[in-house]
**Q** 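Got a structure for you, written out below as structure tokens; questions coming shortly.
Numbering starts at 1 and runs along the sequence shown.
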Amino acid sequence: MIIIDSPFHVSFTGHNELPTIACVGKCKKPWWPIDLEDVAKDVCPMCGSVTSAAMEGVHYSVLAQANRDLRYGVLGTFRPKVTLIATAHAS
């Protein structure tokens with residue numbers, strides 16, 4: 001399980017791999033390989049902008065990472081952190 005923060009998104013996956021592609025255009029969303037199995041990897045499926053290889057510290061930061069399934073209460077304990085991040089980005 002990984003939870004990441006990017007300029008306009010807080011995203012998570014039940015997998016233990018980091019995002020590999022990131023939008024460098026309008027939406028700035030990082031993408032995991034499973035998200036892009038059936039689409040072109042050089043165009044963002046969300047906004048249509050150009051993508052590049054995702055780099056931690058540049059396109060996203062890891063907020064939480066654990067070797068456990070998301071369904072065991074992880075997101076419930078994470079909610080206060082998301083609220084603080086959303087408030088900070090809104091300012």
Side-chain angles (χ1 to χ4, degrees):
M1 182 265 331
I2 297 176
I3 302 172
I4 62 167
D5 179 35
S6 62
F8 304 118
H9 307 274
V10 173
S11 304
F12 62 91
T13 182
H15 305 287
N16 283 327
E17 59 191 42
L18 295 171
T20 56
I21 302 290
C23 174
V24 294
K26 186 176 179 181
C27 79
K28 310 282 188 214
K29 181 168 176 44
W31 298 93
W32 280 273
I34 196 165
D35 297 327
L36 303 172
E37 286 180 345
D38 299 328
V39 297
K41 293 171 182 46
D42 59 342
V43 176
C44 176
M46 183 175 281
C47 72
S49 297
V50 175
T51 61
S52 73
M55 294 186 296
E56 185 174 355
V58 175
H59 300 109
Y60 66 91
S61 58
V62 176
L63 300 176
Q65 188 169 7
N67 286 331
R68 61 181 173 214
D69 200 332
L70 286 173
R71 64 183 156 200
Y72 295 116
V74 173
L75 292 181
T77 60
F78 184 69
R79 184 179 177 141
K81 294 178 189 175
V82 173
T83 303
L84 289 174
I85 292 166
T87 304
H89 283 287
S91 300

**Q** With a 4.5 Å heavy-atom cut-off, do H59 and P19 have their side chains touching?
**A** no
**Q** State yes or no: do V10 and M1 share one hydrophobic cluster built from I, L, V, M, F, W and Y residues joined by side-chain heavy-atom distances below 4.5 Å, directly or via other members?
**A**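 Yes, one cluster joins them.
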**Q** Which value, rounded to the nearest 0.5 Å, describes the distance between Q65 atom CD and T13 atom OG1?
**A**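 The distance works out to 11.0 Å.
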**Q** Which heavy atom of S11 sits nearest to which heavy atom of K29, and what is that distance?
**A** OG-NZ, 3.4 Å
**Q** How far apart are the closest heavy atoms of P45 and V39, and which atoms are they?
**A** CG-CG2, 4.2 Å
**Q** Side chain of S49, backbone of C23: donor and acceptor closer than 3.5 Å?
**A** no
**Q** Is there side-chain contact between H9 and I4, with at least one heavy-atom pair below 4.5 Å?
**A**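 Side-chain contact under 4.5 Å: no.
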**Q** Which heavy atom of P33 sits nearest a heavy atom of L18, and at what distance?
**A**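 Smallest heavy-atom distance, with atoms named: CD-O, 4.5 Å.
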**Q** Test of understanding: clusters of I, L, V, M, F, W, Y form through side-chain heavy atoms closer than 4.5 Å, transitively. Do I2 and Y60 belong to the same one?
**A** yes
**Q** May I ask whether L63 and F12 are part of the same hydrophobic cluster, defined by side-chain heavy atoms of I, L, V, M, F, W, Y residues being less than 4.5 angstrom apart, directly or through others?
**A**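 Linked, L63 and F12 end up in one cluster.
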**Q** Tell me whether I21 is reachable from M46 by hopping between hydrophobic residues (I, L, V, M, F, W, Y) whose side-chain heavy atoms are closer than 4.5 Å.
**A** yes
**Q** Can you get from V62 to I34 by hopping between Ile, Leu, Val, Met, Phe, Trp and Tyr side chains that sit under 4.5 Å apart?
**A** yes
**Q** Mind listing the closest non-hydrogen atom pair of K26 and F8 along with its distance?
**A** O-CE1, 3.5 Å
